[in-house]
Amino acid sequence: MLKIGLTGGIGSGKSTVAAIFEVLDIPVYYADNVAKQLMQENESLINSITQNFGESCYEAGKLNRAYLSSIVFNDKTKLELLNSIVHPVTIAHAENWMKNQTSHYCIKEAALIFESNSNKNLDYVIGVHSPENLRINRIMSRDQISKIEIKARIDAQMNEAAKMAKCDFVINNNEIELLITQVLSIHQKLMAKV
């Protein structure tokens, strides 16, 4: 079974592309969603986050994402620290999940595949590219946050062109080219490699 990464910057449309693969009966591991869940449930993670970022990270037993985001997206060192705490746990969880899949290939959808070095455990990586103005508009309508906050998150991630250059396949989510056609083309290529 092939292990495939699916990555792209915030607001690029990774989840939309992943959903198309799911329609093709390809299992998808949503790393960012699982990481949020693990940060809420994994005692070791909760303790590490609290020790490094303060008791205010959790309110009534729930992760205060807005508070934690306000810290890490304004300080690169703190973002790197958070990632160094959360990534190993999420990567191990994803590896275990992938071992239990029975399809020809499975997908790990994650924003930080290259940044976390999890690409080393994958056979191929698909990138989802989208122009920055579209990404900003999508995030503003989805998350109800300011353009300044969005720009800080985009700037905290790997340069989009550099990320796409590292990918084996690139899907253009520019509202011009059809996503389904691009996904089907990659699906056929991956099935031929199995």
Side-chain angles (χ1 to χ4, degrees), residues 1-38 83 86-143 150 153-194:
M1 182 191 66
L2 294 174
K3 296 187 283 186
I4 310 300
L6 177 64
T7 193
I10 184 171
S12 63
K14 295 180 302 298
S15 297
T16 301
V17 170
I20 298 170
F21 277 104
E22 284 187 298
V23 170
L24 299 170
D25 286 331
I26 301 303
V28 177
Y29 180 90
Y30 292 90
D32 298 341
N33 292 343
V34 173
K36 289 171 190 163
Q37 183 182 338
L38 291 170
N83 288 340
V86 177
H87 285 167
V89 177
T90 308
I91 290 168
H93 191 273
E95 284 296 310
N96 189 49
W97 177 86
M98 287 180 159
K99 284 179 194 167
N100 293 312
Q101 301 310 307
T102 57
S103 58
H104 293 293
Y105 69 93
C106 63
I107 292 176
K108 176 184 179 181
E109 184 261 12
L112 306 178
I113 282 181
F114 297 111
E115 298 89 332
S116 67
N117 289 319
S118 59
N119 58 302
K120 291 184 167 103
N121 300 322
L122 301 168
D123 297 298
Y124 299 98
V125 178
I126 302 166
V128 181
H129 171 71
S130 189
E132 190 170 295
N133 63 323
L134 278 178
R135 293 168 61 197
I136 290 170
N137 289 338
R138 285 182 193 136
I139 302 162
M140 283 175 73
S141 63
R142 179 188 76 195
D143 297 347
I150 295 166
R153 292 180 187 191
I154 288 173
D155 292 344
Q157 292 186 342
M158 178 187 280
N159 173 278
E160 183 81 359
K163 183 175 284 201
M164 293 303 112
K166 289 177 170 263
C167 295
D168 301 291
F169 306 96
V170 176
I171 292 174
N172 290 304
N173 188 10
N174 53 17
E175 298 185 353
I176 298 168
E177 299 170 70
L178 292 174
L179 287 179
I180 293 172
T181 306
Q182 296 177 78
V183 169
L184 285 173
S185 173
I186 292 170
H187 175 68
Q188 289 168 351
K189 289 173 184 168
L190 291 173
M191 291 298 283
K193 292 178 185 297
V194 176

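These numbers come from the heavy atoms of this one structure, side chains and all, not from hydrogens, waters or symmetry mates.
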Decide yes or no on side-chain contact (heavy atoms from CB on, under 4.5 Å) for N83 and L112, but give the supporting numbers first.
CA-CA 9 Å; N83 288 340; L112 306 178; 3.9 Å; yes
Using a 3.5 Å distance criterion without hydrogens, assess whether the side chain of [X] forms a donor-acceptor pair with backbone atoms of [Y].
X: E177; Y: Q182; answer: no
X: N96; Y: A92; answer: no
X: S185; Y: T181; answer: no
X: N172; Y: N174; answer: no
X: T7; Y: G127; answer: no
X: N173; Y: V128; answer: no
X: R135; Y: I10; answer: yes

Minimal non-hydrogen separation, [X] against [Y], with atom names:
X: Q157; Y: A111; value: NE2-CB, 4.0 Å
X: Y30; Y: S15; value: OH-O, 4.2 Å
X: I107; Y: M98; value: C-CE, 4.3 Å
X: G8; Y: M164; value: CA-CE, 4.1 Å
X: S103; Y: D25; value: CB-O, 4.4 Å

Heavy-atom check, side chain of [X] versus side chain of [Y], under 4.5 Å:
X: K163; Y: H129; result: no
X: E160; Y: E132; result: no
X: L122; Y: Y124; result: no
X: I4; Y: V125; result: no
X: E109; Y: Y29; result: no
X: I154; Y: I136; result: yes
X: M1; Y: H104; result: no
X: Y105; Y: M191; result: yes

State the [atom1]-[atom2] distance between [X] and [Y], to the nearest 0.5 angstrom.
X: N100; Y: E95; atom1: CG; atom2: CD; value: 11.5 Å
X: S118; Y: I113; atom1: OG; atom2: CD1; value: 5.0 Å
X: T90; Y: K36; atom1: OG1; atom2: NZ; value: 11.5 Å
X: L6; Y: I26; atom1: CG; atom2: CD1; value: 12.5 Å
X: L2; Y: C106; atom1: CG; atom2: SG; value: 9.0 Å
X: I91; Y: N117; atom1: CD1; atom2: CG; value: 7.5 Å

Which residue is it: L190, L184, V183? I am looking for the one with a side-chain contact (heavy atoms from CB on, under 4.5 Å) to I186.
L190
Tell me yes or no: between the side chains of R138 and S12, is some donor less than 3.5 Å from an acceptor?
no
Candidate pair D168 and I126, rule side-chain contact (heavy atoms from CB on, under 4.5 Å), full reasoning:
CA-CA 6 Å; D168 301 291; I126 302 166; over 6 Å; no
Has I180 got more than 12 heavy atoms of other residues, nucleotides or ligands less than 6.0 Å from its CD1?
no
Evaluation steps, side-chain contact (heavy atoms from CB on, under 4.5 Å), between Q101 and K3
CA-CA 10 Å; Q101 301 310 307; K3 296 187 283 186; over 6 Å; no
